[in-house]
Number of protein chains: 2
Amino acid sequence: MATGRTHRPATRSRGIPEATVARLPLYLRALTALSERSVPTVSSEELAAAAGVNSAKLRKDFSYLGSYGTRGVGYDVEYLVYQISRELGLTQDWPVVIVGIGNLGAALANYGGFASRGFRVAALIDADPSMAGKPVAGIPVQHTDELEKIIQDDGVSIGVIATPAGAAQQVCDRLVAAGVTSILNFAPTVLSVPEGVDVRKVDLSIELQILAFHEQRKAGEEAAADAGVVPPAVARKQRPSTDQGPDGDVPAVMPA
Amino acid sequence: MATGRTHRPATRSRGIPEATVARLPLYLRALTALSERSVPTVSSEELAAAAGVNSAKLRKDFSYLGSYGTRGVGYDVEYLVYQISRELGLTQDWPVVIVGIGNLGAALANYGGFASRGFRVAALIDADPSMAGKPVAGIPVQHTDELEKIIQDDGVSIGVIATPAGAAQQVCDRLVAAGVTSILNFAPTVLSVPEGVDVRKVDLSIELQILAFHEQRKAGEEAAADAGVVPPAVARKQRPSTDQGPDGDVPAVMPA
DNA sequence: CCCTGTGAAGGTTTTCACAGCC
DNA sequence: GGCTGTGAAAACCTTCACAGGG
C-alpha cells in the first residue's frame with residue numbers, strides 16, 4: 001500500500017518504492033551505530049546483517065537512491081548516513097505535537113529516538129485541565145484549547161495521536177483543519193482524513209494477534225509432526241536470524 | 001516477508017497469505033464494533049469501509065478462510081467474529097509477560113486491547129529492584145531474577161520487550177531459553193533469535209521517519225506544481241479515506 | 001578478486017471484472 | 001437485483017545471478 005499519492009501517473013522518475021522507504025530508517029539506525037564506532041566503510045553484506053535484512057535487498061534499495069557505493073570496497077558510512085537522512089527529510093527540523101498525554105503519550109515524549117532524528121516535540125496536548133502546566137519530559141502540558149494556535153504558530157505538520165479511541169477522530173479533524181498533513185495514530189480506530197493527508201497507525205494489539213496466529217500454527221504443526229502427518233520440522237538450532245525487517249505486512253500503515 | 005515457516009514446501013493447503021493474516025485483526029475490530037451495536041449482517045463494502053480497506057481485498061481475504069458469506073446478503077457478524085477469532089488463535093488464552101516497566105511498559109500493561117482479545121498479562125518484569133512489588137495496572141512488578149520461573153510456571157509463549165535497546169538482546173535470549181517462541185519487540189534493535197522463534201517489532205521513530213519522507217515529498221511537489229513543472233495536484237476535497245490499512249510496508253515484522 | 005549495481009526471473013499481493021447464487 | 005467468491009490480469013516486491021568497475 002502506498003501513500004495515496006503513489007497513484008499519481010506522471011513524473012515518477014524519483015519514485016522510490018514504498019517498501020524501500022520503509023527500510024531506510026533501519027539502514028540509518030545501523031549506519032549511525034557504525035558511525036559512532038568510527039567505522040569508515042561497510043559492505044552490503046555487513047550492513048544487511050546489522051539491519052536484519054538480506055544483502056541483495058539492501059543493494060537494490062540503495063540502487064534507487066543512486067550509486068553511492070564503491071565496487072570491491074563497500075559503502076562510505078558517513079556519506080550514506082547523510083544521503084539517507086536527506087532522502088528521508090531528516091536534515092530539516094520537524095516540529096511534532098503529541099496529543100493525549102497518558103502513559104503512552106508520556107512514553108513518546110520521553111522517547112529519545114525522536115530528538116536524535118530531527119524531530120522536535122513542539123508541544124504536549126491533553127484534554128484534562130488538571131494536566132495543564134504539568135511538565136512531562138521537561139515540557140509543560142497544554143490544554144486542547146490551545147491546539148490550533150500551537151500548530152499554526154510553530155508550523156507543525158506532523159501530529160501524533162495517543163488519545164483513547166473515542167477521541168481520536170475528533171482530534172484528528174482538528175489537527176487537519178489547523179494544518180497538519182501527517183498523522184501517526186496510536187488509537188485503535190480507523191481515521192478518516194481528506195486527500196493529501198497521510199496516516200500511519202501503530203496498533204499494539206494487532207501485532208500480538210499476528211504473533212498469536214503464528215504461535216497457534218506452530219503448536220498445530222508440532223502435533224501434526226509428532227503424528228507423522230507432516231514432514232518433521234527443521235531442527236531449531238541456534239543461529240543468528242537473518243532478514244528481520246519490516247515488510248510487506250502488518251506494520252500498520254497507510255495512506256490517505 | 002513471511003514467517004520463516006512460509007518457506008516450507010509441503011502441506012500448504014491451509015496457507016493463508018501473510019498479508020491477509022495481518023489484516024484479520026482489523027476486520028475483527030470492525031466486526032466487534034458492529035457486534036456491540038447488534039448489527040446482524042454486513043456487506044463486504046460496509047465492512048471494508050469500517051476497516052479502512054477496499055472491498056475486493058476483503059472478499060479475497062475472506063475467501064482464504066472459507067465461504068462464510070451469503071450472496072445477495074453479506075456476512076453474519078457473529079459468525080465471522082467467531083471464525084476470525086478462531087483462525088487467529090484468540091479463542092484460547094495467551095499468557096504474556098511484559099519485560100521493562102518504564103513508561104511504555106506501563107502503557108502496555110494498562111492497554112485494554114489485550115485482555116479483550118484473549119491476552120492475559122501473566123507478569124510484569126523489571127530489572128530495577130526498587131520497582132519490585134509496586135503494582136502497575138493492578139499487577140505487582142517482579143524482578144528479572146524471577147523471569148525463568150514465571151515463564152515456565154505459567155507456560156508463557158509470548159513475550160513483550162519494552163526495555164532500553166541495550167538490554168533487549170539479553171532479555172530476548174533469556175526469554176527464548178526459558179521457552180518463549182514469539183516476541184514483540186519495542187526496543188530499537190535487531191534481535192537475533194533461533195529458528196522457530198517469531199519476532200515482530202514496533203519502532204516509533206521509524207514510523208515518524210516514514211511520515212517525514214512523505215511530508216518532504218509533498219512540500220517538494222507543491223513547489224514544483226507552483227512552478228508548473230508537474231501536473232497540478234488533485235484538489236484536496238474532504239472525503240472519507242478508503243484503504244487505510246496496514247500493509248505491505250513498514251509495519252515492522254518478521255520471521256525468525 | 002571482491003563487492004556493487006542491476007537486468008531478469010520468480011513470488012506475492014492487489015485489483016479487476018464477472019460468473020454464480022440468493 | 002444485489003452481493004459473494006474467484007479466476008485472470010496487473011502491480012509490486014524479492015531473489016537470483018552475473019556483468020563490470022575498483
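Labels below follow one simple rule: chain letters A, B, ... track the order of the sequence lines, proteins then strands, and each chain is numbered from 1.
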Can you measure [X] atom [atom1] to [N] atom [atom2] for me and round it to whole angstrom units?
X	N	atom1	atom2	value
A:E45	D:dT15	CD	P	13 Å
A:D76	C:dT4	CG	P	13 Å
A:F62	D:dT14	CZ	P	14 Å
A:E18	C:dT13	CD	P	17 Å
B:Y64	C:dT12	OH	P	11 Å
A:Y68	C:dT6	OH	P	12 Å
B:R59	D:dT4	CZ	C1'	6 Å
A:L80	C:dT4	CG	C1'	12 Å

Has B:N54 got a side-chain N or O lying under 4.0 Å from the OP1 or OP2 atom of C:dT15?
-> yes
Is there a side-chain polar atom (N or O) of A:S44 under 4.0 Å from OP1 or OP2 of C:dC3?
-> no
B:E45 atom CD, over 12 foreign heavy atoms within 6.0 Å = no
Return yes when atom CD of A:Q170 has more than 12 non-hydrogen atoms of other residues, nucleotides or ligands closer than 6.0 Å, and no otherwise.
-> no
Which one, [options], comes nearest to the side chain of [X]?
X	options	result
A:K60	C:dT15, D:dT15, D:dG5	D:dT15
B:S67	D:dG5, C:dG5, C:dT14	D:dG5
A:R71	D:dT14, D:dT4, D:dG21	D:dG21

A:A56 or A:V73, whichever maps to the more 5' nucleotide of DNA chain C = A:V73
What is the nucleic acid contact for B:Y75, judged by heavy atoms within less than 4.0 Å: base, sugar-phosphate only, or nothing?
-> sugar-phosphate
Candidate pair A:T20 and A:D61, rule side-chain hydrogen bond (donor to acceptor under 3.5 Å, both in side chains), full reasoning = CA-CA 6 Å; A:T20 294; A:D61 283 343; 2.7 Å; yes
How long is the span from the CD atom in B:E46 to the OG1 atom in B:T41, to the nearest 0.5 Å?
-> 7.5 Å
side-chain hydrogen bond (donor to acceptor under 3.5 Å, both in side chains) between B:S35 and B:E78, intermediate numbers included = CA-CA 7 Å; B:S35 171; B:E78 295 302 331; 2.7 Å; yes
